[in-house]
**Q** 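Below: one structure in structure tokens.
Numbering starts at 1 and runs along the sequence shown. Only heavy atoms go into these numbers, but all of them, side chains included; no hydrogens, no water, no symmetry mates. Bear in mind that the values here come from a model prediction, so they are computed numbers and not experimental data.
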Amino acid sequence: MEQLRTIGRELAMGSQGGWGQSKEFLDLVKSIGEARSKAEEDRIIARELEHLKRRLADPDVPRRKMKELLLRLVYAEMLGHDASFGHIHAVKMTHDESLPLKRTGYLAVALFLDERHDLVILVVNTIQKDLRSDNYLVVCAALTAACRLIGEEAIPAVLPQVVELLAHPKEAVRKKAVMALHRFYQRSPSSVSHLVSNFRKRLCDNDPGVMGATLCPLYDLILEEPNAYKDLVVSFVNILKQVAERRLPTSYDYHQMPAPFIQIKLLKILAVLGSGDKQASGHMYTVLGDIFRKGDTASNIGNAILYECICCISSIFPNPKMLEAAAETTSKFLKSDSHNLKYMGIDALGRLIKINPDIAEEHQLAVIDCLEDPDDTLKRKTFELLYKMTKSTNVEVIVDRMIEYMINITDHHYKTEIASRCVELAEQFAPSNQWFIQTMNKVFEHAGDLVNIRVAHNLMRLIAEGFGEEDEGADSQLRSSAVDSYLRIVGEPKLPSSFLQIICWVLGEYGTADGKYSASYIIGKLCDVAEAHLTDDTVKAYAISAILKIFAFEISLGRKIDMLPECQTLVDELSASHSTDLQQRAYELQALLGLDKRAVESVMPADASCEDIEVDRNLSFLNSYVQQALENGAAPYIPESERLGVISVGSYRSQEQQETSAHTLRFEAYEMPKPSLVLATAQVSMSTPPTDLVPVPDPGHYKEDHQTSRSQPSGDTISGEFGVKLRLDGVQKKWGRPTYSSSTPSSSAPSQQATNGGSHSDGGGSTSSQARESSYGSKRQQGTEISAEKQRLAASLFGSAAAKADKKAQASRKASKESASAEKATASSAAPQPIKEQVIPAAPPPDLLDLGDEPVSSSPPSADPFSQLEGLLGPASATPVVSGAPATSTSKAPDLMSIFSDDVPTGATSGSTDPALGDVNLIKGATATAAKKGPSLQDALQKDATARQVGVTPTGNNPNLFKDLLG
């Protein structure tokens with residue numbers, strides 16, 4: 001009977017148009033809810049929109065019926081359909097005198113329009129009038145619409161009236177006025193900057209709702225300038241204390257928690273104000289302790305307040321008692337069966353270990369449980385925690401876990417993030433070079449296309465340099481193991497391009513070094529790689545260069561090697577390639593095969609990838625050519641400091657784009673010609689400072705890696721002596737021989753070793769923490785013992801006493817070895833070569849997350865070998881100290897090497913393995929020696945040949961550049 005009564009009531013309500021709406025509207029909602037497909041729903045809405053368009057066009061529609069039609073229009077537009085034909089009717093309804101219709105009009109306008117809509121200007125006048133209304137409900141509706149529709153240009157029109165409403169007798173109006181001012185501040189801070197004091201006054205409002213609304217704009221202001229609001233710390237603490245003591249009306253309670261959202265906002269504000277301020281933080285400890293004691297973990301909102309308390313404690317000046325209370329609450333989160341609470345616990349633990357790393361050891365089993373949880377979100381959050389906890393003792397376990405997880409996921413965005421984290425941890429904490437190479441192989445194999453190419457260059461440099469110690473056998477073993485692993489991997493399908501580049505380079509350098517594999521076998525593998533990647537010119541370039549090296553090594557050893565048919569086919573194919581780079585490499589291979597043993601040894605010396613190359617950056621051998629060109633009437637070089645009136649190339653291009661975009665005739669008169677610049681000197685002095693002159697590139701020869709806009713001398717300066725000429729500023733050159741420039745090799749910046757940590761706190765809570773850990777273990781196990789696998793994993797992640805002792809011994813041995821190698825490197829570099837910079841390795845930053853014992857202070861500071869992957873001559877981050885540097889010549893030639901490199905440091909040495917220019921490390925910015933006067937052309941060509949010996953092509957994409965310059 002009860003069910004029949006319920007059905008009867010529903011039918012009666014439907015027949016009478018329940019909730020004040022007609023049966024048509026209820027049928028529309030019902031039919032949309034019962035639609036079985038999106039296409040059926042679209043048909044229903046399209047039919048409804050046609051009906052509404054006809055009804056709204058009728059001038060005799062009653063006002064009450066118009067209200068329902070607008071609501072049906074809102075319903076259709078909220079489902080994603082266009083109802084723009086009814087927007088004007090919503091604007092008209094805001095002018096109605098009836099309160100229900102006006103509020104409906106404001107509601108529809110706020111949903112239909114935004115601040116950039118053309119119809120907003122019709123609403124501004126209505127909002128101004130309604131803000132002066134005597135009915136506070138009309139004022140509230142106008143303020144709500146103002147938050148949505150008033151843009152930056154219209155703010156001055158309504159701002160004075162909104163400020164007046166801050167003193168309105170109704171608390172609802174004052175609250176909405178504060179919200180409107182906050183919205184105006186977000187859109188145009190300069191428009192409300194003089195009204196900031198009003199927010200301070202409203203903080204003392206008698207109504208808690210107005211006070212709570214004021215916290216939102218104050219939070220934004222405090223984020224911008226915390227020091228300006230330090231005087232409000234005591235006020236915020238008092239408000240939070242009153243809220244926590246339930247002094248607010250019960251109408252503000254939510255799930256029996258007193259004003260929880262006001263508490264959360266106050267805790268966020270206190271976290272910002274107390275950051276790094278001991279005095280301000282001292283006022284907060286008492287109220288934070290009260291919140292922890294009164295915290296309710298039975299409801300979600302209670303857990304949210306406790307979590308915000310932990311975030312506040314991790315931000316303000318640390319206090320041992322507060323950290324202990326936060327650790328206890330974190331332990332409750334981790335012990336919960338809810339994944340949401342576990343997620344909060346992992347996040348809170350990541351914040352607390354920055355202050356006290358020992359807290360992580362208390363919850364190691366809980367962290368392992370989260371790591372093995374099937375919930376993917378929780379597992380990712382746990383990996384973020386382990387990333388912050390990584391150190392040299394647990395890096396192997398953590399990175400292996402990350403790689404295993406990376407293999408099994410398909411999200412490319414997160415896969416890229418995991419790969420970059422694995423690379424960063426491996427470079428920073430790798431225990432050995434062999435482990436680093438194996439780890440990099442796994443990362444490149446499973447996520448090679450997502451890894452930065454700089455990582456590939458670092459790996460090749462590490463294999464070439466070895467351990468940097470006296471033990472050559474260890475270096476040979478490292479390279480031999482790399483060759484073995486790459487020969488096993490090279491046959492696998494779908495290897496990333498960057499990984500194939502590494503494989504080709506290693507096989508070309510060290511494939512036949514130990515005699516384990518024949519040259520024909522290695523060449524066959526390289527030919528297979530090139531044939532399998534016909535569309536990848538970079539891989540083919542690496543492969544043909546590796547084959548060239550193997551032939552050169554075999555010829556220099558006096559061995560005769562026959563050209564394999566597949567190799568001959570590859571050379572013939574590349575000789576006819578459209579890529580000039582591949583053509584040049586193929587022709588160089590054919591030319592090398594015709595040389596004798598002595599010539600090959602001088603052109604391609606064995607294992608020369610790490611040898612220093614002295615580069616004449618001033619190109620002094622061109623002095624005679626420049627002098628001859630000046631005598632023939634060429635324009636002398638003008639220093640950049642004297643080119644005051646010359647327009648940059650970038651302005652040329654922008655001016656040309658603007659002129660070509662205007663397809664109209666220009667009738668203004670020609671401008672008067674500008675006076676030509678006075679030339680400083682008649683001929684170029686060899687002491688002219690280097691400039692950044694980049695000719696206009698020819699797209700037919702190469703593809704720019706970095707687009708640059710540099711200034712060039714204007715044609716007016718050349719014709720200054722001979723009178724006025726036609727002004728060609730900004731006119732593109734259509735004829736003449738193309739000029740060339742070289743793409744800039746990207747120099748790898750030294751990787752910054754970020755250390756995670758903070759100040760160690762007092763260990764006063766060790767007893768309670770042990771008790772919590774034991775209780776946690778007993779609760780989780782419930783009489784069963786922890787598995788041995790979890791115990792081993794916990795010991796690997798969080799360390800043990802034995803691991804700490806081993807780490808200390810390894811650190812001392814590593815320090816002594818690196819000290820010896822540094823002394824040897826300094827001695828060898830100072831012997832027959834020019835005096836170079838003496839690099840003193842800087843002490844590594846302290847690992848604040850290191851849970852082990854303090855290292856012995858007497859041991860010398862050891863430099864991280866993986867921070868040296870960015871530089872070839874020492875740690876790039878160390879401070880160079882130059883002693884006994886030779887006096888450089890005061891006369892320097894023009895810096896034409898800027899054509900080949902945009903960014904060459906002076907007085908420092910750095911290296912980069914450039915895949916396009918060769919397979920060696922080019923030392924840029926070597927220590928300059930005294931300039932020689934007038935070297936012969938023979939010496940210049942000999943230097944060019946020396947650069948080619950190790951595979952470097954200084955001429956970049958124009959192999960005939962020197963020939964063109966020398967004539």
**Q** Looking at K241 and D290, is any side-chain nitrogen of the basic one under 4.0 Å from a carboxylate oxygen of the acidic one?
**A**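 No.
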
**Q** Taking the cut-offs as 6.0 angstrom to the six-membered ring centre and 45 degrees off its axis, would you call K321 and Y285 a cation-pi pair?
**A**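 Verdict for Y285: no cation-pi partner in K321.
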
**Q** So I346 and F383, side-chain contact (heavy atoms from CB on, under 4.5 Å) or not? Walk me through it.
**A** CA-CA 10 Å; I346 291 294; F383 275 121; over 6 Å; no

**Q** Of all residues at least two apart in sequence or in a different chain, which pass the ring-ring contact (aromatic ring centres under 6.0 Å, His included) check with Y414?
**A**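 For Y414 there are no ring-ring contact (aromatic ring centres under 6.0 Å, His included) partners, ignoring immediate neighbours.
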
**Q** With a 4.5 Å cut-off on side-chain heavy atoms, are Y542 and L500 touching?
**A**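 No. Closest side-chain heavy atoms not under 4.5 Å.
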
**Q** Within this structure, what is the OG1-OH distance for the pair T382 and Y343, rounded to the nearest 0.5 Å?
**A**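 Between T382 OG1 and Y343 OH, I get 9.5 Å after rounding to 0.5 Å.
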
**Q** So how far is it from S497 OG to I502 CD1, rounded to the nearest 0.5 Å?
**A**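 CD1 of I502 is found 10.0 Å from OG of S497.
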
**Q** Could you walk me through whether L385 and I353 pass side-chain contact (heavy atoms from CB on, under 4.5 Å), step by step?
**A** CA-CA 9 Å; L385 174 64; I353 62 173; 3.7 Å; yes

**Q** Quick one: are L386 and R401 in side-chain contact, heavy atoms under 4.5 Å?
**A**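 No, too far: nothing below the 4.5 Å cut-off.
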
**Q** Do the non-hydrogen side-chain atoms of F429 and N394 ever get within less than 4.5 Å of each other?
**A**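 SC-SC contact between F429 and N394 ruled out.
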
**Q** For residues E465 and R479, report the shortest heavy-atom separation together with the two atoms involved.
**A**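 Nearest pair, atom of E465 first, then R479: C-NH2, 4.1 Å.
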
**Q** Measure the spacing between CD of E396 and OG1 of T439 and express it to the nearest 0.5 Å.
**A**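 The distance works out to 8.0 Å.
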
**Q** Quick check: closest heavy atoms across L267 and C312, and the distance to 0.1 Å?
**A**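 Closest heavy-atom pair between L267 and C312: O-SG, 3.9 Å.
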
**Q** Closer than 3.5 angstrom, by distance alone: can the side chain of S331 be matched with the main-chain N or O of A327 as a donor-acceptor pair?
**A**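 Side chain of S331 to backbone of A327, a donor-acceptor pair under 3.5 Å: no, none is there.
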
**Q** Short question: side chain of S315, backbone of S275 - any donor-acceptor pair under 3.5 Å?
**A**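 Pair absent, no side-chain N/O of S315 close to backbone of S275.
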
**Q** In terms of heavy-atom contacts, does NZ of K294 have more than 12 from other residues, nucleotides or ligands at under 6.0 Å?
**A**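 Yes - once you tally the heavy atoms of other residues, nucleotides and ligands closer than 6.0 Å, there are more than 12.
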
**Q** Begin with the C-alpha distance, continue with both residues' side-chain angles, and end with the deciding distance and a verdict on salt bridge (charged side-chain N to carboxylate O under 4.0 Å, His left out) for E424 and R421.
**A** CA-CA 5 Å; E424 181 181 349; R421 287 182 176 179; over 6 Å; no

**Q** Counting heavy atoms not belonging to E417, are there more than 12 under 6.0 Å from its CD?
**A**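 More than 12 heavy atoms, drawn from other residues, nucleotides or ligands, come within 6.0 Å of this atom.
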
**Q** What pairs meet the ring pair (Phe, Tyr, Trp, His ring centres under 6.0 Å) rule with one or both residues in residues 286-314, with sequence neighbours excluded?
**A**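 Sorted result for residues 286-314: empty, none.
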
**Q** Any chance NZ of K38 has more than 12 other-residue heavy atoms, nucleotides or ligands included, within less than 6.0 Å?
**A**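 Yes, because the 6.0 Å sphere around NZ of K38 holds more than 12 heavy atoms from other groups.
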
**Q** For L334 and G345, work out which heavy atoms get closest and say how close.
**A**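 Result for this residue pair: CD2-C, 3.7 Å.
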
**Q** Could you tell me if the side chain of T330 sits less than 4.5 Å from the side chain of I359, heavy atoms only?
**A**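 No, their side chains stay 4.5 Å or more apart.
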
**Q** So I264 and I305, side-chain contact (heavy atoms from CB on, under 4.5 Å) or not? Walk me through it.
**A** CA-CA 6 Å; I264 291 174; I305 294 175; 4.2 Å; yes

**Q** Taking the side chain as C-beta and beyond, is there a heavy-atom pair between E404 and D400 under 4.5 Å?
**A**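 Counting from C-beta outward, E404 and D400 never come under 4.5 Å.
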
**Q** Verify, without hydrogens or angle tests, whether Q438 (side chain) and W435 (backbone) share a donor-acceptor contact under 3.5 angstrom.
**A**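 A pair under 3.5 Å: no.
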
**Q** Taking all atoms of both residues into account, what is the closest heavy-atom pair of G274 and A280, and its distance?
**A**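 Closest approach of G274 to A280, heavy atoms only: CA-CB, 4.5 Å.
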
**Q** Compare all side-chain heavy atoms of Q263 with those of P258 and state whether any distance is below 4.5 angstrom.
**A**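 Yes, side chains in contact.
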
**Q** Roughly how far, to the nearest 0.5 Å, is CG of D347 from CG of L352?
**A**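 Between L352 CG and D347 CG, I get 9.5 Å after rounding to 0.5 Å.
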
**Q** With a 4.5 Å limit on heavy-atom distance, are the side chains of L459 and F436 in contact?
**A**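 They are in contact (side-chain heavy atoms under 4.5 Å apart), so the answer is yes.
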
**Q** Run the side-chain contact (heavy atoms from CB on, under 4.5 Å) check on I222 and F236 step by step: do they pass?
**A** CA-CA 12 Å; I222 290 171; F236 288 132; 4.0 Å; yes

**Q** What's the separation between atom OG in S338 and atom CE in M344, rounded to the nearest 0.5 Å?
**A**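 Reported value, rounded in 0.5 Å steps: 9.0 Å.
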
**Q** Counting heavy atoms not belonging to D296, are there more than 12 under 6.0 Å from its CG?
**A**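 Yes, because the 6.0 Å sphere around CG of D296 holds more than 12 heavy atoms from other groups.
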
**Q** Look at the side chain of S314 and the backbone N and O of C311, then say whether any donor-acceptor pair between them is shorter than 3.5 Å.
**A**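 Such a contact is found between S314 side chain and C311 backbone.
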
**Q** Any sub-3.5 Å donor-acceptor pair from T329's side-chain atoms to A325's backbone N or O?
**A**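 Yes, because the side chain of T329 sits within donor-acceptor range (under 3.5 Å) of the backbone of A325.
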
**Q** How far apart are the closest heavy atoms of A426 and M440, and which atoms are they?
**A**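 Heavy atoms of A426 and M440 come nearest at CB-CE, 3.8 Å.
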
**Q** Can you tell me if Q256 has over 12 outside heavy atoms packed within less than 6.0 Å of its CD?
**A**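 No, CD of Q256 has 12 or fewer neighbouring heavy atoms, counting only those of other groups under 6.0 Å.
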
**Q** Can you tell me how the ring of F261 sits relative to the ring of Y254, calling it parallel under 30°, perpendicular over 60° and tilted otherwise?
**A**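 If you compare the ring of F261 with that of Y254, the planes turn out tilted.
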
**Q** Mind listing the closest non-hydrogen atom pair of S299 and M257 along with its distance?
**A**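 Shortest heavy-atom separation between S299 and M257 comes out as OG-CG, 4.4 Å.
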
**Q** May I ask you to test the N340-N303 pair for a side-chain heavy-atom distance under 4.5 Å?
**A**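 Heavy-atom side-chain distance check fails, nothing below 4.5 Å.
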
**Q** For residues 370-379, run the donor-acceptor check on the side chains, cut-off 3.5 Å, and write out each pair with its distance to 0.1 Å, sequence neighbours left out.
**A**
unit_1 : atom_1 : unit_2 : atom_2 : d
D373   : OD1    : H339   : NE2    : 3.0
D373   : OD1    : D375   : N      : 2.8
D373   : OD2    : H339   : NE2    : 3.3
D375   : OD1    : T377   : N      : 3.2
D375   : OD1    : L378   : N      : 2.9
D376   : OD1    : Y405   : OH     : 2.6
D376   : OD2    : R380   : NE     : 3.1
D376   : OD2    : R380   : NH2    : 3.4
D376   : OD2    : Y405   : OH     : 3.3

**Q** Rounded to the nearest 0.5 Å, how far does CG of D484 lie from OH of Y517?
**A**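 The distance works out to 3.5 Å.
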
